[in-house]
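Some notes on the structure that comes next.
For the numbers below, each heavy atom of this structure counts, side chains included, while hydrogens, waters and symmetry mates do not.
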Amino acid sequence: MTTSAVRVTRAEYCVIACAEAWRDDGEVLASPMGLIPSVGARLARRTFSPDLLLTDGEAMLVGADGEPEGWLPYRRHLAMVTGGRRHVMMGASQIDRFGNQNISCVGAWERPSRQLLGVRGAPVNTLNNPVSYWVPKHSTRVFVPKVDMICGVGYDSAAAAGPSATRYHRIPRVVSDLGVFDFATPDHAMRLVSLHPGVTLEEVRAATAFELAGCDEAAYTREPTAEELRLIREVIDPDGLRDREVAR
């Protein structure tokens, strides 16, 4: 049986949606955080974004097959980070209507109900290079009207801080297990771009705690090509680990 004869899983639509985040980026450093974004970045490199730079997460640039192809000293990495030559795909414990992201704590800062990862590099990432987000479980606990703490800087917060914050600030897309979103609206409010096949508009609305723009124009996430499916299933993720992150 060929790969194209097997139905496309939700996880594979998510991989395709993540890969599309790096389309037309050119020679920039892809920094995917999480399994499905990593599969997506490697797929983009092997197909429509051959100039994309991948890293082993430590000190080496790697080829599409994961083999080291160059040294990435920390000073060079910092230069790329501060000049817009890197496109990160981070996670989000909370994300709001204007793209502010929280990975630090839930609840009031003075006495949070839950401690998370901490701010880490989110502010620097979002102010100095494009940052997309991956959310494996779309819910009203994640897609909130206002984040409890701003870690990753959203469009409204960047605008309030002035030109120094907006120079490289850009959030190309948010990918969840339900669909794809961006901020291509006049006020940079989150817009629904596409539903993953099998997902309804009602599901997305019920799982989002604020009103989304673009609901009447949303399409479906594109189908993977036969070659993309082969690469995902036989080359990049032959053990099917993607289905552990999004099992549908």
Side-chain angles (χ1 to χ4, degrees), residues 14 17-18 20-22 25 28-38 40-41 57 81-82 84 86-109 112-162 164-185 187-194 204 207-214 245-246:
C14 293
C18 288
E20 286 287 344
W22 285 285
D25 271 5
V28 303
L29 181 65
S31 295
M33 300 178 186
L35 175 66
I36 283 180
S38 295
V81 168
T82 57
R86 180 183 184 222
H87 184 169
V88 184
M89 183 170 280
M90 298 178 64
S93 301
Q94 291 179 330
I95 188 166
D96 67 26
R97 184 167 173 255
F98 295 104
N100 296 289
Q101 170 248 32
N102 177 22
I103 52 173
S104 185
C105 63
V106 175
W109 169 254
S113 60
R114 184 170 299 177
Q115 179 67 49
L116 305 174
L117 290 173
V119 175
R120 301 176 72 87
V124 174
N125 286 341
T126 48
L127 294 183
N128 289 286
N129 31 237
V131 173
S132 293
Y133 292 105
W134 160 241
V135 178
K137 293 183 179 179
H138 191 132
S139 75
T140 54
R141 295 176 63 182
V142 180
F143 286 74
V144 297
K146 185 177 178 62
V147 297
D148 291 333
M149 178 177 177
I150 297 174
C151 299
V153 178
Y155 279 99
D156 57 341
S157 300
S164 63
T166 58
R167 182 180 181 187
Y168 294 118
H169 179 269
R170 186 164 66 90
I171 308 173
R173 66 176 50 200
V174 177
V175 180
S176 80
D177 60 331
L178 298 184
V180 180
F181 311 83
D182 68 12
F183 299 88
T185 56
D187 61 351
H188 293 298
M190 190 181 293
R191 178 182 73 145
L192 174 62
V193 176
S194 69
V204 173
T208 307
F210 54 85
E211 185 176 351
L212 288 163
E245 194 163 24
V246 177

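Proximity of a side-chain donor or acceptor of Arg86 to a complementary backbone N or O of Asn128 within less than 3.5 Å is not detected. Between the side chain of Thr166 and the main chain of His169, no donor-acceptor pair closer than 3.5 Å is present. Under the 3.5 Å distance criterion, the side-chain polar atoms of His188 are matched with a main-chain donor or acceptor of Phe183.
Contact detail for Ile95 and Tyr133: the closest heavy-atom pair is CD1-CD1, 3.6 Å. Shown here for His87 and Trp22, the closest heavy-atom pair between the two residues is O-NE1, 3.2 Å. When all heavy atoms of Phe181 and Leu192 are compared, the pair lying nearest together is CE2-CD1, 3.4 Å. The minimum heavy-atom distance linking Trp109 with Pro112 is given by the pair O-CD, 3.4 Å. Minimum interatomic distance between Pro136 and Val246 (heavy atoms only, all atoms of both residues): O-CG2, 4.2 Å. A pairwise comparison of heavy atoms in Pro145 and Ala209 identifies CG-O, 3.2 Å as the closest pair.
Here the straight-line distance linking atom CZ of Arg114 with atom SG of Cys105 works out to 11.5 Å at 0.5 Å rounding. Distance check, rounded to the nearest 0.5 Å: CD1 of Ile36 to CH2 of Trp134 gives 4.0 Å. Rounding to the nearest 0.5 angstrom, the gap separating the CG atom in Asn129 from the CG atom in Leu29 is 9.0 Å. For the atom pair Ser132 OG and Glu20 CD, the distance stands at 11.5 Å (nearest 0.5 Å). Interatomic distance, OG1 of Thr208 versus CZ of Arg97, reported as 12.5 Å (0.5 Å rounding).
Counting heavy atoms from C-beta on, the side chains of Val144 and Phe210 never come closer than 4.5 Å. Annotation: side chain of Met90 is in contact with side chain of Ile103 (closest heavy-atom distance under 4.5 Å). Within the 4.5 Å cutoff, side-chain heavy atoms of Val135 are placed close to those of Phe143. Within the 4.5 Å cutoff, the side chain of Val142 has no heavy atoms near those of the Lys137 side chain.
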Can I get a per-line list of side-chain donor-acceptor pairs under 3.5 Å for residues 147-162, giving both atom names and the distance, sequence neighbours left out?
{"from": "Asp148", "atom 1": "OD2", "to": "Gln94", "atom 2": "NE2", "distance (Å)": "3.1"}
{"from": "Asp148", "atom 1": "OD2", "to": "Gly107", "atom 2": "N", "distance (Å)": "2.8"}
{"from": "Tyr155", "atom 1": "OH", "to": "Ile171", "atom 2": "N", "distance (Å)": "3.0"}
{"from": "Asp156", "atom 1": "OD1", "to": "Asn100", "atom 2": "ND2", "distance (Å)": "2.8"}
{"from": "Ser157", "atom 1": "OG", "to": "Asn100", "atom 2": "OD1", "distance (Å)": "2.8"}

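Taking the side chain to side chain contact (heavy atoms under 4.5 Å, CB included) definition, one finds that Ala213 meets it with Thr185, Arg191, sequence neighbours left out.
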